[in-house]
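Convention: sequence-line order gives letters A, B, ...; per-chain numbering from 1. What you see below is based on every heavy atom in this structure, not just the backbone, and it leaves out hydrogens, waters and symmetry mates.
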Amino acid sequence: MEELRELQRSHERKSMRIVAIARQNWSAVMGSGDEKWGFLEQIFTASLDMPNAEDVRKRCLQALEKRFPNSQRVQRLQAMGFEADGQFQKALDIYNEMLEADPLNPAILKRKIAVHIGKDDIPLAITALNKYLELYSSDFEAWQQLTDLYIDTQDLQNAAFCLEEVMLSNPHNHVYYCTYAEVLFARGGSERMTQARRYFAKALELNPTSARALYGLHLASARTMTKGSKASEDVATVADLRDGSKEQLLALYEEQGANPTHQALLPSVLVGSGKQ
Amino acid sequence: MLDLLLDPAIRAWVVIPIFIITFCVGLCRHYVSQLIASTPQLDRDVLMRTQLLQRARLLRANGRFLPAAAFNARKQYFISEKNGVLTKKKEEHKDDAPVNPMQDPSMMMNMVKGQAINYVPMVVVMSLISWAFSGFVIIKVPFPLTIAFKPMLQRGIALSTLSASWVSSMSFYLTCVFGLRGLYSLVLGSANYVDETSAMLQQQQAMARQPQQPGKLYQAEYDALQVSSHDWALNPRSEDDDDGMGFKDDLALVEKNLLASWQ
């Protein structure tokens, strides 16, 4: 029970663990007084992630429905259950009905977007998410989701815009920098390439062992060199960056004890440092 | 000095009843406020305003981490002459009268409800107790107290020679009202309505949150954004540009720093 409480507080998504705890201590959960309802909700959402957890799900929902017959929150859970079963239309009907009562409810609006994503209807999800962001324009998790959708549809310009919003919200997260640099890199162009290089470097500064950023930095600096960099650019620095990132990568693989064949392959993938 | 001897019946028929009455009234208050508590309805305008302002603020604070083009695009979006969002809002709300929370009926209603729940039972029970149990002391605190405590502990008893350790029924009631908080949180869970301090805090916060004049807010943000300029944090800058302030935080040398750390 203590562990459930802890997970509830930290919002960790350890669904397997939660369902396992619930199965073992079902009677303890049911006997935990008013705290029970929070646990049931938690167990229910966790069981959505799990296959073969229909029994737990059903029990949770039944108990909750019995206690709170007209609750929005329980309705939402029920609709999430439909979503998990792939009955998207049923879920959408419930959400639409709830939105009529409360058209600004962010949780329901997000659930609807999740339905679209679940149905693999990405264009619709993008439109819906944009509408949502018009209202809640500082919800950076939504911006993050939109970024993913845009990257899925190869719309890199918009993805970059969304990523900028995400970066504004938290300028100390190396993942955002790295992703942003990748998007810049993928869009190409000499100026963007330089920017990409800087953002990769920034990401590395925040997390020195990120192989993803090291690869990015290596490629971006190699690219900016071959592109015939401008006179103002410090050629030596860029070369240093390229070679340095290569060394770092090799060292990182060594340190992590990677597969020897991978280690042997690595130098051939990376751009040589002997030239220039 | 001779000690007073209290009738044991006082314990059975005064101290314990006061305690129980106070506790039950607190319980009732909790459930009644749960019954009539209204969930605050989100207003679309207010919602969009706070979100917009927050976004503009973030841009000002962290804009230097974006490339110049991206920063300027956003700045234009907010404050461009013709159709910047803030420019428009600022004009729209220029002449708005300051919103007084007292004039907002729903706000007013909430406050009245809160006050009524807090004070009506308190007054009723207080008058009940002073009517039923006044005129004698009911307990004695087990330590000596200075004379300054007399008006606090012996309300309703005007005896100048009585030791300050004796407590009158009225004072005992008040002590119970404020002292039962721990018991309530034990019985009702930590999020109970009985706790007046938290209720008051919430009210104050709600008042503070209620922006007094939307036009002013937009104007302030507009001005602040207008003077903010883009200074890309990742630009290489020569060291003599540095003004000696926060050199370590300067991200301009990120690539060089990285190289240095690899050495």
Legend entry - Intermediate values then yes/no, salt bridge (Lys or Arg N to Asp or Glu O under 4.0 Å), A:K131 and A:E134: CA-CA 5 Å; A:K131 271 216 189 102; A:E134 259 172 43; over 6 Å; no

Legend entry - Matching residue for A:L146 among A:L129, A:N158, A:L163 - test: side chain to side chain contact (heavy atoms under 4.5 Å, CB included): A:L129

Inset, instruction - Tell me, for A:Y180 versus chain B, whether the close heavy atoms (under 4.5 Å) come from the side chain, the backbone, both or neither. - result: side chain

Inset, instruction - Indicate yes or no: at least one non-hydrogen side-chain atom of A:Y136 is less than 4.5 angstrom from one of A:L104. - result: yes

Legend entry - A:R73, CZ: over 12 other non-hydrogen atoms inside 6.0 angstrom: no

Inset, instruction - Below 4.5 Å from any heavy atom of chain B, which atoms of A:L184 appear? Answer side chain, backbone, both or neither. - result: neither

Inset, instruction - Give me the contact list for residues 70-80 of chain B versus chain A, heavy atoms only, anything under 4.5 Å, ordered by residue number. - result: B:A70, B:R74

Legend entry - A:S245 versus chain B, the contacting section by heavy-atom distance below 4.5 Å: both

Legend entry - For A:Y132 against A:A142, the heavy-atom pair lying closest together: CE2-CB, 3.6 Å

Inset, instruction - To the nearest 0.5 angstrom, please state how far the CZ atom of A:R197 sits from the CG atom of A:L219. - result: 13.0 Å

Inset, instruction - Could you verify whether a donor N or O on one side chain and an acceptor N or O on the other, from A:S137 and A:D139, lie under 3.5 Å apart? - result: no

Inset, instruction - Check the angle between the aromatic planes of B:Y184 and B:F23 and answer parallel, tilted or perpendicular using the 30° and 60° thresholds. - result: parallel

Legend entry - Top contributor to chain B interface from A:E247, A:E165, A:M167 [non-hydrogen pairs under 4.5 Å]: A:E165

